[in-house]
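What follows is a set of notes on a single structure, which appears directly below.
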Amino acid sequence: MQPLISPDVFELDPMISDLRELVEVESPSLVIDQLELSAATLAAFIERHLGGECRLVASPAGPHVHWSGGGAPTVLILGHHDTVFPMGTLEKRPFTVTDGIATGPGVFDMLGGIVQAVHGLARLQHDGGDLGGVELLFSADEEVGSAESRELIEERALACGNVLVLEPSADGGSLKTGRKGCGTFEVIVGGRAAHAGLEPENGVNALIEMAHQVMAISGFGDSNVGTTVTPTVAAAGTTDNTVPAEARIRVDVRVESADEKQRVESAMAALTPVDPAASLTVLGQIGRPPMPESASSSLFPLAEAVSPGIVGLAVGGGSDGNFTAAIGVPTLDGLGAVGGGAHADTEHLVVDTMPARAALIGNLVGAILTRG
Ligand SMILES: [Zn+2]
């Protein structure tokens, strides 16, 4: 194996100016013209540092950006260039670096991770490493469920056989070695409206029926096996004096195993009304399957070898790593930025961690390529 890349070789200023360039092209999911700009900016950034040419893969959710170093595919570096922040966020929270903290829409999830990875790979190349076998794929729709990128992600993951995901790190730079599967269900109760004062007995109260269902659903969780089932949003009724004809709730579900995914999906599908006059419609599924810790068992030791003391954690949130792990491809996640406040106004990145994270990616890719 070639000597490890030291974090000291990276200059912070070029990394920060690259990060600024990416952040300053806002890229909210499903805002196609912005995602086209963001894909073009990202492609130019990658080509400037790594050479070659990016392929822009058009999709109804905006273009995905794919780069290949040629050679037999060996490792896929996976990320996304969309963010959860609506247009105009940049005006309210412009890109800034203050006291070593970078802020601006997407710095942590996940533009900082992309910048670090590209700088790490550029260094690997500069040091004489060959990027043949390395592929980069940055999708346009991760934050809205990846419906338009999942097939491409799975195809490249299977071809490469190893996946490194640039989602933000867990606390203090920890890697994500396991992720829960997650999904959202919606339950719609149909009842019958009636005057609440004059003839309530002629109504079917959808809100009361929903109350029964909420209690049943909240019993589907099982903390012993890491399953959470959480009713989160509810709506019912029209006016103060009308028996509600409809009620709706949404339910957040997280599971650690395929068995639990199956069990909860079946339980949700089997819900039946307590009042036979009411109707129930259950929509949704656990769209992201769990990423079991076994998925990272071949890659995590390599990360430990190049970055002694690094920690791996199983976490609740899902990413595209869930898809690649579920089809049996070794996957290690959380290799991106160090900071916090993902999806929130408090989003931030700790700037002086960028060189070490760039070195981590460069060295990890080097180790995977050497191992073959
Ligand atoms: Zn993300």
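Note that this is a predicted model, so its numbers are computed, not measured. First listed ligand is number 1; within each ligand, the first listed atom is number 1. Values reported hereafter were calculated over all heavy atoms of this structure, with side chains retained and with hydrogens, waters and symmetry mates removed.
- Taking backbone and side-chain atoms together, E142 has no N/O/S atom less than 2.8 Å away from the Zn ion (ligand 1).
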Let me have the donor-acceptor pairs involving side chains of residues 210-217, under 3.5 Å, with sequence neighbours excluded, atom names and distances please.
from	atom 1	to	atom 2	distance (Å)
Q213	NE2	E209	OE2	2.8
Q213	NE2	T272	O	3.0

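- At the Zn ion (ligand 1), the vertex angle linking OE1 of E167 with NE2 of H80 is 120° (nearest 10 degrees).
- If you look at D109 and ask which of its N, O or S atoms sits nearest the Zn ion (ligand 1), the answer is OD1.
- Checked against D320 for a salt bridge (charged side-chain N to carboxylate O under 4.0 Å, His left out), the options R150, R156, R288 give a single hit: R288.
- Legend: residues meeting side-chain hydrogen bond (donor to acceptor under 3.5 Å, both in side chains) with E265, ordered by chain and number and at least two apart, are K261.
- Inter-residue side-chain proximity for F138 and I46 is flagged as met; some heavy-atom pair is nearer than 4.5 Å.
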